There are 2 protein chains.
Amino acid sequence: MPKETFFNLREKKRKEIIDACFEEFALHDYQNASISRIVKKLGIAKGSIYQYFDNKRDLYHYLIEYSSRKRYEQIEELFEQEKDFFELIVKNFYMKVKFDIDYPVLSGFQYNLLKERNTEELGNIQKDIKVQIFKMIKEMIRKHQPDYNLRDDVDIDIMTFMVMQVQIGIYDFLEINRQVDFRENVKNKKPVFSISEEDIMNIIKGFTELLKNGIASTKG
Amino acid sequence: MPKETFFNLREKKRKEIIDACFEEFALHDYQNASISRIVKKLGIAKGSIYQYFDNKRDLYHYLIEYSSRKRYEQIEELFEQEKDFFELIVKNFYMKVKFDIDYPVLSGFQYNLLKERNTEELGNIQKDIKVQIFKMIKEMIRKHQPDYNLRDDVDIDIMTFMVMQVQIGIYDFLEINRQVDFRENVKNKKPVFSISEEDIMNIIKGFTELLKNGIASTKG
DNA sequence: AAAAATTATGACCAGGTAGTCATTTTTTTG
DNA sequence: CAAAAAAATGACTACCTGGTCATAATTTTT
């Protein structure tokens, strides 16, 4: 948790600090993100950061909490809607794109977060995040299984993971397949999804269709 | 490329060095892997490493090349077999498990490699690796599409990525869902797949079935 | 055995890091 | 306006890194 001093800052300065930190942690992993670089970019003294946060880890956890909240604000409406499961999947993909366009740097930060390694200092943070996402999706599947014709002959954990893996993987797809340079985008504060809307539509539809019916041309 | 001196070493010592390096790079990402720690563990002088390799990057690339070769030795037979596509998928999963059991540390190294970040020094190495895997799978799909009833109404790139994502993701599945502690396993040189064979079987079958027919209970 | 070539060594360098804290500056309070 | 409280500062510490290179030890060649 940040110290009181941090919350006493006027909004504008607090925002500047948050932005600079997100940028640093979106371009570098935890260990290689540098407090020295952050203060340099902000033009403040190094000691100041430690007036606001206990240490680097404290700062990082605050960023995680902050970005998760922002993301959740955008998707919470999803869970209240009584829609077909696959419509929800599509909707969630869209939300991801929207989040990326609204907050490109946060989006990059979260992309990085999911690749964070298990270390002594931080623990297995990417796992913890993924477990959270996993639980949400699993709950969604459980809810929709009886009514919306989801299979019940395959372990629900495996189904859940499959859905999650495809959703999480879309950034990697763009990187591998659409020559999207995610790092460059963060630098320029451009969205990762800086490709045509039509292309995005087709990708989302494609993945959802495959999730639904598989890659075999006949069922059996 | 390692220097000549490295290949002049007697087999045993060379093996010890390789092992120690793999362990270090399986436990830490590139930036945080430490040459100092490696030489300390080996009980040799720091300068010696630089008699063998130009620099850290050179060493890392050698490890990548080495582990890829080992992995490829195991799977090359797959591509010659004229089997049903989904049998190949299952077989490839098994090969992955086998590789992990035969070379647990290399396996951990490769897991880490796929999470390597895009940096100034290394470039986007995980992307390059994934592009390679992607191409292989795409080629397999293209080959099997007409004969083995793979869909042709969805972009082949999307299909390819889906297959890859599931194959690559199995480690994460175990971490999230089977409480496998991958880092601990590397430390103890135990395979990541340290769960029952029956469980592994079911997971592989489950994923393959979902890839094939999707998560919806009726096609349409 | 002597000379030459190869290999191993580790003190050392320059450069980076997170975090500290006595001091100064700014803001708030009385 | 003065006193008190809060916030900002940046030199400093301790520690780490990758990499160098003159020197020493070892091995190979003559």
Side-chain angles (χ1 to χ4, degrees), chain A residues 1-18 20-25 27-64 116-117 119-123 125, chain B residues 1-18 20-25 27-64 116-117 119-123 125:
Chain A
M1 275 272 289
K3 298 178 179 173
E4 215 185 307
T5 318
F6 181 65
F7 294 111
N8 291 342
L9 288 174
R10 37 203 58 174
E11 180 102 19
K12 194 192 164 198
K13 184 164 186 188
R14 201 165 64 238
K15 189 73 192 338
E16 279 169 13
I17 292 171
I18 292 175
C21 292
F22 269 120
E23 198 181 331
E24 180 68 14
F25 282 91
L27 288 173
H28 308 276
D29 64 15
Y30 175 77
Q31 298 267 12
N32 290 103
S34 156
I35 304 287
S36 305
R37 262 194 311 250
I38 292 173
V39 297
K40 204 169 177 182
K41 170 167 266 178
L42 282 166
I44 64 174
K46 192 164 192 181
S48 295
I49 284 284
Y50 291 91
Q51 303 270 39
Y52 309 144
F53 301 93
D54 287 334
N55 48 42
K56 193 179 178 183
R57 184 154 26 102
D58 183 35
L59 163 58
Y60 191 58
H61 279 121
Y62 175 71
L63 296 178
I64 293 172
E116 201 56 58
R117 272 180 190 70
T119 59
E120 304 282 342
E121 190 180 353
L122 270 187
I125 204 153
Chain B
M1 276 276 286
K3 298 180 181 173
E4 214 186 306
T5 318
F6 181 66
F7 294 111
N8 290 343
L9 289 174
R10 38 200 57 170
E11 179 103 20
K12 194 192 165 199
K13 185 164 187 189
R14 201 164 65 236
K15 189 72 190 344
E16 277 169 14
I17 291 171
I18 291 174
C21 292
F22 268 120
E23 198 181 331
E24 180 68 15
F25 282 93
L27 287 172
H28 308 276
D29 63 15
Y30 176 76
Q31 298 266 12
N32 291 102
S34 156
I35 303 287
S36 305
R37 263 196 308 254
I38 291 173
V39 295
K40 204 170 176 181
K41 171 167 265 177
L42 282 167
I44 65 174
K46 194 167 192 176
S48 294
I49 285 281
Y50 291 91
Q51 303 268 38
Y52 309 143
F53 301 93
D54 286 334
N55 48 41
K56 193 181 178 184
R57 183 153 28 101
D58 183 34
L59 164 59
Y60 191 57
H61 279 121
Y62 175 70
L63 297 178
I64 293 173
E116 202 53 60
R117 270 179 192 70
T119 59
E120 304 283 342
E121 190 181 352
L122 270 187
I125 203 153

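Everything numeric here is computed off the predicted structure, so don't read it as measured data. Labels below follow one simple rule: chain letters A, B, ... track the order of the sequence lines, proteins then strands, and each chain is numbered from 1.
- B/Leu9 comes within contact range of the sugar-phosphate backbone alone, with a heavy-atom separation under 4.0 Å but no base atom that close.
- A/Lys3 comes within 4.0 angstrom of nothing in the nucleic acid, heavy atoms only.
- Residues forming a side-chain hydrogen bond (donor to acceptor under 3.5 Å, both in side chains) with B/Gln51 (at least two apart in sequence, or on another chain): none.
- For B/Met1 against B/Asp54, the heavy-atom pair with the smallest separation is O-OD2, 4.3 Å.
- On the nucleic acid side, DNA chain C has its first and last nucleotide under 4.0 Å of a heavy atom of chain A at C/dT17 to C/dC21, going 5' to 3'.
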When the side chains of residues 6-17 of chain B are checked against the rest of the protein, which donor-acceptor pairs come out under 3.5 Å, sequence neighbours left out?
unit_1	atom_1	unit_2	atom_2	d
B/Arg14	NH1	B/Phe7	O	3.2
B/Arg14	NH1	B/Leu9	O	3.0

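- Applying the salt bridge (charged side-chain N to carboxylate O under 4.0 Å, His left out) rule to A/Arg57 yields no partners; only residues at least two apart in sequence or on another chain are considered.
- Remark: A/Ile44, A/Ala45, A/Lys46, A/Gly47, A/Ser48, A/Gln51, A/Tyr52 in residues 35-52 of chain A come within less than 4.0 Å of DNA chain D through at least one heavy atom.
- Position along DNA chain C of the nearest nucleotide to A/Asn55 versus B/Thr5 favours B/Thr5 as the more 5'-ward residue.
- Residues passing the salt bridge (charged side-chain N to carboxylate O under 4.0 Å, His left out) test with B/Glu120, sequence neighbours excluded: A/Arg183, A/Lys187.
- Across all non-hydrogen atoms, the minimal contact from B/Tyr50 to B/Asn55 is CE2-CA, 3.9 Å.
- Along DNA chain D, read 5' to 3', the first and last nucleotides having any atom under 4.0 Å from a heavy atom of chain B are D/dT17 to D/dC21.
- Applying the salt bridge (charged side-chain N to carboxylate O under 4.0 Å, His left out) rule to A/Glu23 yields the partners A/Lys41, A/Lys189; only residues at least two apart in sequence or on another chain are considered.
- For B/His61, there are no side-chain hydrogen bond (donor to acceptor under 3.5 Å, both in side chains) partners, not counting sequence neighbours.
- With sequence neighbours excluded, the residues satisfying side-chain hydrogen bond (donor to acceptor under 3.5 Å, both in side chains) with A/Glu121 are A/Tyr30.
- For A/Ser36, the side-chain hydrogen bond (donor to acceptor under 3.5 Å, both in side chains) test picks out A/Lys46, with sequence neighbours left out.
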